[in-house]
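Structure record follows, encoded as structure tokens.
What you see below is based on every heavy atom in this structure, not just the backbone, and it leaves out hydrogens, waters and symmetry mates. Whatever order the structure lists them in is the order used to number ligands and atoms, beginning at 1.
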Amino acid sequence: MMTTPTSFLIRHLDAVMTGMSGTHARHAGSAIRVTGGVITAMGNLTPLPGEAQVDASGCVAYPSWVNTHHHLFQSILKGDPAGINASLTPWLAATPYRYRARFDDKLFRLAVRIGLIELMRSGCTTVADHNYLYYPGMPYDTSAILFEEAQALGVRFVLCRGGATRTRQLEAELPTALRPETMDDYLRDMERLIQRYHDPAPDAMRRVVLAPTTPLYSASPEELRTMAAFARRHGVRLHSHLSETVGYQETARKVHQCSPVEFAERCNWLGRDVWFAHLVKLDPEEIALLGRTGTGIAHCPQSNGRLGSGIAPLPELERAGVPISIGVDGAASNEAADMISETHAAWLMQRARKGQQALPDYAGGQFEGGADAATVEDVVRWGSSGGARVLGLGGIGTLQIGQQADIALYRLDDPRYFGLHDPALGPVVSAGRPFLKALYVAGQSVVADDTIPGLDLAELGAQARAATRQLLNAD
Ligand SMILES: [Zn+2]
């Protein structure tokens, strides 16, 4: 990680997206002053005597992205032919569950590094990883590796500590290395992680979250209630998967005679300190309940699209009061796990979903298409301040005075951005990978001129190819 002065003036910006809502979604000024890692002024500013300057001519500034759902270990499981055309349940068996027993500390560390670098190169500096590589007697510490790799790259990291106290059928015939933990061991490790890593500050670099892999399958209702009480006693948040496909609805109905969101309510798993990945399949009562309780969503449009799961009803959720954030999900079900492609997909898919619901007038229709389902400003807000909100990191996620200087400067010099009437829209509407002039975390430069200092990308690519060969040869 490169250190630069944490006090400087970014000048000559073409446009600024703030991550805020309404008329505050953009800032008209062309400069941002950073003092001691914090944004202290925005506008048309002139340099102070001796002030360091960053020439951002041709650049647009965004709040750096906050990714609220990932499985970094999957970064070396992209495009697995065995799972590429499978829906969620057969895909889980074909790819992540089949391969995860083959991971050792070196493969795990490499996957984490690739995933974090891919995210950073899209302008993301806060990553919540839902890690479920844990089993009794495990010879390496995945939690420590995740925090070490994030620290080495200089990004904020939220460990959502996954795992299971019971298994689902998918794991039945897999090696003993995949057997579940006991509840005591799970909570003991949570205590260790909280003590070692958890910082409750609104601008924390490290957080821990209690996050069994899937509430309906990973633990009993009684255990889920115990986990929720434990988390609230320790002041940590709760996270998991929910209602990704009809499979969740069927299981909840069959086993618990209720909907998945009602099941979560019975287990004390709803509230402002809880967010769920996916929430694709919801009935109106579930949407209202999520909204009433302020439970958040990590919307993962690319994974939901790739697995054919569906499209989460974000406008309905937001109107009900649900905090919206964006997650890339693991790269085994999303072969481009970066925040530019993810937000681009969110923008398109919400519009497509609403348009799909349009009917002609003669059949009772009231609108032609769905282009008003999500603006670019909405999508930027979901991917930045929305993420900060579900993670409880109030000190980040927006470009405004007093906030941490977590800033992405994109220079739109690829032909795909040529001809844009409004450059502020470029990263989301044209997607691709804009040249990252600079990426800051609390004013510290972590990407400069599209390069992570000290990183040899060709070498990383060679290591990734060797790792995929190693995984394939284990068959
Ligand atoms: Zn997931």
Side-chain angles (χ1 to χ4, degrees), residues 66-78 80 83 86-100 103 108 111-112 115-116 118-119 124 127-134 142 146 157-164 168 170-171 178 209-219 237-248 251 260 264 269 274-282 295-312 324-339 341-342 345-346 349 383 387 390-391:
V66 178
N67 168 24
T68 60
H69 184 73
H70 205 162
H71 310 287
L72 283 163
F73 85 94
Q74 296 179 7
S75 301
I76 53 173
L77 300 178
K78 293 176 180 170
D80 170 23
S87 296
L88 176 66
T89 304
W91 166 82
L92 280 169
T95 303
Y97 283 93
R98 181 160 64 102
Y99 280 112
R100 71 179 202 170
F103 274 77
F108 184 84
V112 169
L116 289 174
E118 184 180 3
L119 283 166
C124 175
V127 181
D129 192 61
H130 193 187
N131 178 44
Y132 53 82
L133 246 67
Y134 299 97
T142 52
L146 285 159
F157 188 76
V158 178
L159 171 67
C160 303
R161 206 289 193 187
R168 53 200 288 184
L170 296 171
E171 294 148 320
L178 299 183
V209 168
L210 191 150
T213 309
T214 308
L216 279 164
Y217 303 103
S218 302
R237 288 178 175 250
L238 295 164
H239 174 58
S240 197
H241 299 99
L242 201 71
S243 299
E244 184 169 357
T245 63
V246 293
Y248 283 74
T251 300
W269 264 74
V274 187
W275 84 102
F276 290 111
H278 308 308
L279 296 175
V280 170
K281 294 290 179 181
L282 299 170
T295 308
I297 176 176
H299 175 49
C300 305
Q302 291 191 124
S303 175
N304 298 155
R306 197 278 214 183
L307 294 170
S309 303
I311 305 173
I324 312 286
S325 71
I326 305 281
V328 300
D329 207 0
S333 64
N334 176 5
E335 280 67 19
D338 72 80
M339 286 296 280
S341 53
E342 201 69 47
M349 284 168 67
V390 304
L391 299 179

* **Test ring pair (Phe, Tyr, Trp, His ring centres under 6.0 Å) applied to Tyr132 - qualifying residues, sequence neighbours left out** => His71, Phe73
* To do: Output yes if His71 passes the N/O/S-under-2.8 Å test against the Zn ion (ligand 1); output no otherwise.
  => yes
* Answer yes or no as to whether an N/O/S atom of Glu244 is found below 2.8 Å from the Zn ion (ligand 1). => no
* State whether Cys300 contributes an N/O/S atom found under 2.8 Å from the Zn ion (ligand 1). => no
* To do: Determine, for Arg98 against Asp80, whether the closest basic-nitrogen to carboxylate-oxygen distance falls under 4.0 angstrom.
  => yes
* To do: Side-chain contact test, heavy atoms from C-beta onward, threshold under 4.5 Å: evaluate it for His239 versus Val158 and give yes or no.
  => no
* To do: Specify which N/O/S atom of Asp329 comes nearest to the Zn ion (ligand 1), by atom name.
  => OD1
* Asked: Under a 4.5 Å cut-off applied to non-hydrogen side-chain atoms, are Ile311 and Asn304 in contact?
  -> no
* Short N/O/S contact of His69 with the Zn ion (ligand 1) (below 2.8 Å) -> yes
* Asked: Do Thr295 and Trp269 have side-chain heavy atoms sitting under 4.5 Å apart?
  -> no
